[in-house]
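See structure below.
Bear in mind the structure is a predicted one, so any value in this text is a computation, not a measurement.
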Amino acid sequence: MLSQITSRDNSLLQLARSVRDGKTTELIFVEGMRLCEEALRSGLHVHALLVSDELAAKERARDLIASLEATADRAALISETLLASISYTKTPQGIVVLADRPATSEAHFAAAQAKALIVVMHRINNPVNVGAILRTAEAAGATGAIATQHTADPFSPKALRGAMGSAFRLPVWFGADFTEAVSWCSKAEVQTVCADVHATNSYDEVDWRKPSALIMGPESNGLSAEEVAAASMSVRIPMLPEAESLNVAVATGVLLYEAVRQRRH
């Protein structure tokens, strides 16, 4: 049975805000029915479930709430006002889960790279783009993603919303140095292909059937000359002169699906 808590029972509310703001990093803040359902389906350990009185009264939410409550260490009802005080969105969605952060170590990531198709996100500081890239990577069949230490946290609330559950399933190595990531690929015999608007080769001139890591840099100024030189090769996506660049998540999708096309043949 869900217990009712108030603003005076503030330890759980304080924990939720701390996780939401990235101050408690061993847990992640999952908000909304769709994402909470994905977290449950992915088998994440749920430390706490918070549900608004309003959502708890709706029949469409009862099965999900019951399933989460059965696995959670603690489950509580709170008022809509209190939920708004911890929500990450302007319009609270009635349900928040505090769950274990998925493993993001090099060892966990490496175990899934038998036929590598990896996305390396470097200095991509917009969490919405990070989430969209993870969602695209999973859809295309990528085997994992590396988010360097200068990239937005893939498990921040905004990134989780953009990934729509993919961050729970796709192996992610978070916090690697750029040089460390490239070195790992070299030792694992994974070719590194960076996206660069100044590259001479088109993206469809690469043999993507080989174990590959696609390196994507920030939209603002791209990868540095030194970072481009560190990769096995660089490629560009041909565009009409009037178009300066593509959104980084869109560009990632174009490149990944070329790899998928080649690997089907």
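Here the straight-line distance linking atom CG of Leu12 with atom CD1 of Ile78 works out to 8.0 Å at 0.5 Å rounding. Of the inter-residue distances, the one linking Asp204 atom CG with Ser202 atom OG reads 3.5 Å to the nearest 0.5 angstrom. The CD atom of Gln113 lies 14.5 Å from the CD atom of Glu189; values are rounded to the nearest 0.5 Å.
There is no path of hydrophobic side-chain contacts, each under 4.5 Å, that joins Val119 to Val190. Under the 4.5 Å side-chain heavy-atom criterion for ILVMFWY residues, a single connected hydrophobic cluster contains both Ile118 and Trp173.
Closest heavy-atom contact between Val260 and Ala140: CG2-O, 3.0 Å. The two atoms that bring Cys185 and Thr192 nearest to each other are CB-CG2, 3.6 Å, heavy atoms only. Nearest heavy-atom pair, Trp208 versus Gln262, reported as atom, atom and distance to 0.1 Å: N-OE1, 2.9 Å. When all heavy atoms are compared, the tightest approach of Gly253 to Thr136 is CA-CG2, 3.5 Å. When all heavy atoms are compared, the tightest approach of Leu83 to Pro92 is CD2-CB, 4.3 Å. Of all heavy-atom pairs between Gln191 and Ser212, the closest is NE2-OG, 2.9 Å.
Remark: Lys187 pairs with Ser183 by the side chain to side chain contact (heavy atoms under 4.5 Å, CB included) rule, at least two apart or across chains. Listed by chain and residue number, Arg101 satisfy the salt bridge (charged side-chain N to carboxylate O under 4.0 Å, His left out) test with Asp153 (two or more places apart in sequence, or in another chain).
Here Glu37 does not pair with Arg34 in a salt bridge; the nearest charged N to carboxylate O distance is not below 4.0 Å.
Checking His150 against Asn125 by side-chain atom types alone, no donor-acceptor pair falls below 3.5 Å. Checking Ser87 against Thr89 by side-chain atom types alone, a donor-acceptor pair falls below 3.5 Å.
Between the side chain of Ser67 and the main chain of Asp63, a donor-acceptor pair closer than 3.5 Å is present. Side-chain atoms of Glu31 never come within 3.5 Å of backbone atoms of Arg20 as a donor-acceptor pair (strictly under, hydrogens ignored). A donor-acceptor distance shorter than 3.5 angstrom exists from the side chain of Thr151 to the backbone of Met121, with no hydrogens or angles considered. At distances below 3.5 Å, not a single donor-acceptor pair connects side-chain atoms of Arg74 with backbone N or O atoms of Ala48. Checking side-chain atoms of Arg123 against main-chain N and O of Gly222 turns up a donor-acceptor pair under 3.5 Å. Asp21 contributes no side-chain N or O that, together with a main-chain N or O of Lys23, makes up a donor-acceptor pair within less than 3.5 Å. Side-chain atoms of Asn10 never come within 3.5 Å of backbone atoms of Leu13 as a donor-acceptor pair (strictly under, hydrogens ignored). The closest donor-acceptor contact from the side chain of Glu219 to the backbone of Val248 lies under 3.5 Å.
Contact check for Asp100 versus His47: side-chain heavy atoms found under the 4.5 Å cut-off. No side-chain heavy atom of Thr148 sits under 4.5 Å from any side-chain heavy atom of Glu180. Considering only heavy atoms from C-beta on, Phe155 stays 4.5 Å or farther from Leu134 through its side chain.
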Next on the checklist: Under the criterion side-chain contact (heavy atoms from CB on, under 4.5 Å), I'd like the reasoning laid out for Leu256 against Leu117: C-alpha separation, chi angles, the key distance, then a yes or no.
Outcome noted: CA-CA 8 Å; Leu256 283 178; Leu117 179 57; 4.1 Å; yes

Item to check | Check against side-chain contact (heavy atoms from CB on, under 4.5 Å), Val182 and Ile215 | outcome: CA-CA 9 Å; Val182 172; Ile215 304 175; 4.3 Å; yes

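Screening residues 162-175 for salt bridge (charged side-chain N to carboxylate O under 4.0 Å, His left out), with sequence neighbours left out, gives Glu38-Arg169, Glu138-Arg169.
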